[in-house]
Amino acid sequence: MNRITQVLALASVLTLILLTGCGSTDPQTPAEETSAELTQEQIDERLAALACPADKISVPDNPSGGTFRFNSLETPNSFDPAWIRDTASSNIGTSIHEGLVEFDPINMSVKPCIAESWDISEDGLTYTFKLREGVIFHDNPCFPEGKGREVVATDFKYSYERVCDPRVASPGAWMFLDFVEGSNAYRDGVSARRELDRRAGGESRDGESEDRFRAADAAQLQEWAKSPDEVIGLVCPDDRTLVVRLAIPFSPFIFRLGHSFAWVVPREAVEEYGDDFFKNPVGAGPFKFVEWIPGQRVVLEKHPDYWMQDDKGNRLPYLDRIEATRIEDTNSEHYELINGHLDFQFPIPLDQWDNIFDADLNLQDQYNKFQVQWVNTWRIEYIGMLNTDPIFKDIRIRQAFNYAIDREEIGATILRYRAIPNRGQVVPGSMPDYPSADGPFEYDTAKALELLAEAGYPNGKGLPELSLQLNSAGRDNEKIAEIIQAYLSAIGVKIQLKVVDWRVHLDTVREGKIPLYRLGWINDYPSAENSLMLVWGKNIPPMGENYARYQNDQFDELFEKALSVTDISEQNRLFREAEEIAAAEAPWLFLYTMRRFRLVAPEVRGFPYNAGDRRFLKYVWFDKSS
Amino acid sequence: MTTYIFRRLLAAIPILFGVTLLTYILVEGTADPEKLLQGQRSDQASLESIREKFGFNEPHWKRYLNFVVGAVQGDLGRSLAFNFEVAEEIKRRFPATALLALTALGIAVIFGVALGVIAAIYQSRWQDGFTMLISLIGISFPIFALAVFLQLLFCVVVPWFYVTGYVDRSWSCLVLPAVALATRPLAVITRLMRSSMIETMRSPYIMTARAKGLSRAAVLAKHAFKNALNPVLTAVSGSLAELLAGAFFIEMIFNWPGIGKLGFDAVIQSDPFLLEGTVLVSALIFIVVNIITDILYSWIDPRVRLTH
């Protein structure tokens, strides 16, 4: 008897331990009752209360460095600028490399970087960049005596041509193609010469091939092959001057030059490392690459010859070393942060949200020492409507859908503080220098029903059951789709949800097979053009990203006019005018813009959180007194 | 013996073909891998150059053949998602997985066998009940939940260990993942050892040994124990192959840079070459471990003859 009680007691203790272990790691359901009634003012107030020292860029006389540690949840794939196409790579690459221009760490406007100034011709076609003196590539064995040399104009010509080169097959060729004079000709020339070589080697023409060059006849190839072996629109009159000539005016071009695909690389390193340049990157950025063990960590250290100084005369960067780990599990990542082995965490895992914040967005006691940062990002979420579909070609139906949804509820329930209702903005509200304004679609069931009736479907009668296709990213997409389903059924529109794999989703949407689909967009660079091109008539697939196939001549005219205006505020005024036209016609069912949060270690300073989530670690220092 | 091994290896060839062909059809046959390299922003010219660069212009039979020819020469291609050479990366990661697998298996065998023997000796007494309860929990408890629980307890509540990391951070990083990973095989081995031991102790030759006057301890140690190990060996070899092929969840949670994490990435990214490579290597590991087990069998139990 005694033994049995012993066993039972032990067993119950064990179960208790195991159950509590489970309970504290289980994802908690959001506490809906408290946040559902929040007003916009209350939300703003609580967000404002989170402001912290890391938000600002201000340095003491002798900022202290040290090692900055962060984690990337995804594996980086390359540190070769021509091949950086994911956030994990660009978040690290941005410390290794730099380009002609960069973005302001707080508001993301364009700033001089390796180019100390530039001049744009009246017609918007010629950009003349004056390069800064004393910008030095990292020391590397690829240079004579291992000493990094100065960056000159031909380095940019080389780097940009590389991105256009079909042998490099860079996914970023779109940055230059069609815009920079001679870029397409250069590309076709290289491909044609390669195909001619192949045929000279005995392989035959494949008339059936999807590939233009394999399918082309010899005469056509010869014609293409005559193109020069350079991009003629990139000219270097001297070491300090780079001239870029555009084939057509394209005002947002200056923003593209701040993108990772436009970072500068030295020819010596590319030639030395060949196919392995992606893991032996050499650049001119504030940190020098040290090692990369895939799946484990990336280590960078201070580039001692970095050109930039702060206004107190301190040389940047302040940090001595950066270590980026690669932990996949967000809870493990979170425990590392708590234990002081990481300097920030992004995003904050939803499983931990309730441990970190109370319902009023105050930090819980054990997190008090941490800093919380938030930002309204460039990420917009919407339900696309195929504007060529027999049902959705009627503007009134698209508008009715937009009036039928209470966007506040998505923010209040599922995404909590993470969603800003979007009542009709194609361009995210946080675009720098852009005169953003709220959209027209307030929640108004009566109006929605009225529009439906006008379109010939009173109370939704006569409308077939529609299908909303979405990809399942976590469970949020499904939950949000269910809310939309419920709101639409309130005006008599029945939709069913169809969840598919992301790749299938994107392909079928691109092909124009899906009348109703969930999609999002994050801007590549801070220009309204990069958002508005999603509804530009000339951007309809297969050539572009206007998956909704929205077309409005007036919009196109204004949009294209803006592309040829060099003055940024005039440009933005025209973009805004165009946006208003598109928004009123509801090319999509607008949902929300994402707001995101990150948790930062107590002593981190000079690390503002910006809308593009660009991480400029060169400004970061540690406040050891905190 | 040599002919036996040779024959078994020969028989493995169709298996490897089947496995790789199936993976190829599932991964490359059903998706356009070049699209993996493009974001939402895709243009014809880039797709063309990517197809050309990675050989996606070729017909499927030729692409599969290229893969096989490459694999025979130890070249598994370059990962599309992460750029590195697949074969090189698997080679680099194998020691991490092997270290974790062997440590976990070591823990499982030592404690599993010991607990099993104790349970068998004290059959139907409280020692037995307690051991069986522990092993029941070990079998039923989901391994990823256990891993997170261990982390919470030993890294956050009492910070004795690092949350994540490999032995280059500290050798103590091996403890938690190995314990978590050992739990299941440990529980299985305990149960197997117990029942096998009980069965052996009931067999006539044990009774004979006892009847001729050998002490209980001597009988247990000399006769029963070795014979009872046989079914345990099967369990061990099964677990070993499984563990060597990578422990997905444990490697992910503890950020252990092994094959399992690589396979996980391959699936998440639907990276064709990486998936084909990891599947091929896993299949190979299973085959080799099985052959070794069969050889060990014949060594432990001479009644098993290596014919086939």
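What you see below is based on every heavy atom in this structure, not just the backbone, and it leaves out hydrogens, waters and symmetry mates. Chain naming here is simple, since letters A, B, ... match the order of the sequence lines and numbering starts at 1 in each. Predicted, not measured: the structure shown is a model, and the values here were computed from it.
Rounded to the nearest 0.5 angstrom, B:Phe254 CZ and A:Ile327 CD1 are separated by 12.0 Å. Between atom CZ of residue B:Phe249 and atom CD of residue A:Glu328 there is a gap of 11.5 Å, rounded to the nearest 0.5 Å.
Within the 4.5 angstrom heavy-atom criterion, only side-chain atoms of A:Arg194, from C-beta onward, approach chain B. Only the backbone of A:Val168 comes within contact range of chain B, judged by heavy atoms closer than 4.5 Å. For B:Glu89, the part sitting under 4.5 Å from any heavy atom of chain A is the side chain, from C-beta outward, and nothing else. Of the atoms belonging to A:Asp275, heavy atoms from both backbone and side chain fall under 4.5 Å from chain B. Neither the backbone nor the side chain of A:Pro541 comes within contact range of chain B, judged by heavy atoms closer than 4.5 Å.
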Q: List the steps and the verdict of side chain to side chain contact (heavy atoms under 4.5 Å, CB included) for A:Ile293 and B:Arg92.
A: CA-CA 10 Å; A:Ile293 308 178; B:Arg92 198 180 64 75; 3.0 Å; yes
Q. Side chain to side chain contact (heavy atoms under 4.5 Å, CB included) between A:Arg326 and B:Asp265: does it pass, once the steps are laid out?
A. CA-CA 12 Å; A:Arg326 166 72 194 0; B:Asp265 280 335; 3.1 Å; yes
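For the pair B:Arg169/A:Thr325, no side-chain contact is recorded, criterion being any heavy-atom separation below 4.5 Å from C-beta on. Side-chain contact between A:Gln296 and B:Arg93 is absent, with no heavy atoms from C-beta onward closer than 4.5 Å. Residues B:Cys155 and A:Tyr335 form no side-chain contact, since every pair of their non-hydrogen atoms from C-beta on lies 4.5 Å or further apart.
With salt bridges taken as basic N to acidic carboxylate O contacts below 4.0 Å, none links A:Asp329 and B:Lys261. A salt bridge links A:Lys279 to B:Glu88: at least one charged side-chain nitrogen sits closer than 4.0 Å to a carboxylate oxygen.
For B:Gln151 against A:Ser332, the heavy-atom pair with the smallest separation is NE2-OG, 3.0 Å.
Remark: the A:Glu336 side chain and the B:Asn255 side chain contain no N/O donor-acceptor pair separated by less than 3.5 Å.
More than 12 heavy-atom neighbours from other residues, nucleotides or ligands sit within 6.0 angstrom of CZ on A:Arg69. At most 12 heavy atoms of other shown residues, nucleotides or ligands fall within 6.0 angstrom of atom CD in A:Glu74. More than 12 heavy atoms of other shown residues, nucleotides or ligands fall within 6.0 angstrom of atom OH in A:Tyr273.
Counting only distance, with no hydrogens or angles, the side chain of A:Asn339 and the backbone of B:Val156 share no donor-acceptor pair below 3.5 Å.
Across B:Thr164, B:Leu150, B:Leu262, the residue that shares the most heavy-atom pairs under 4.5 angstrom with chain A is B:Thr164.
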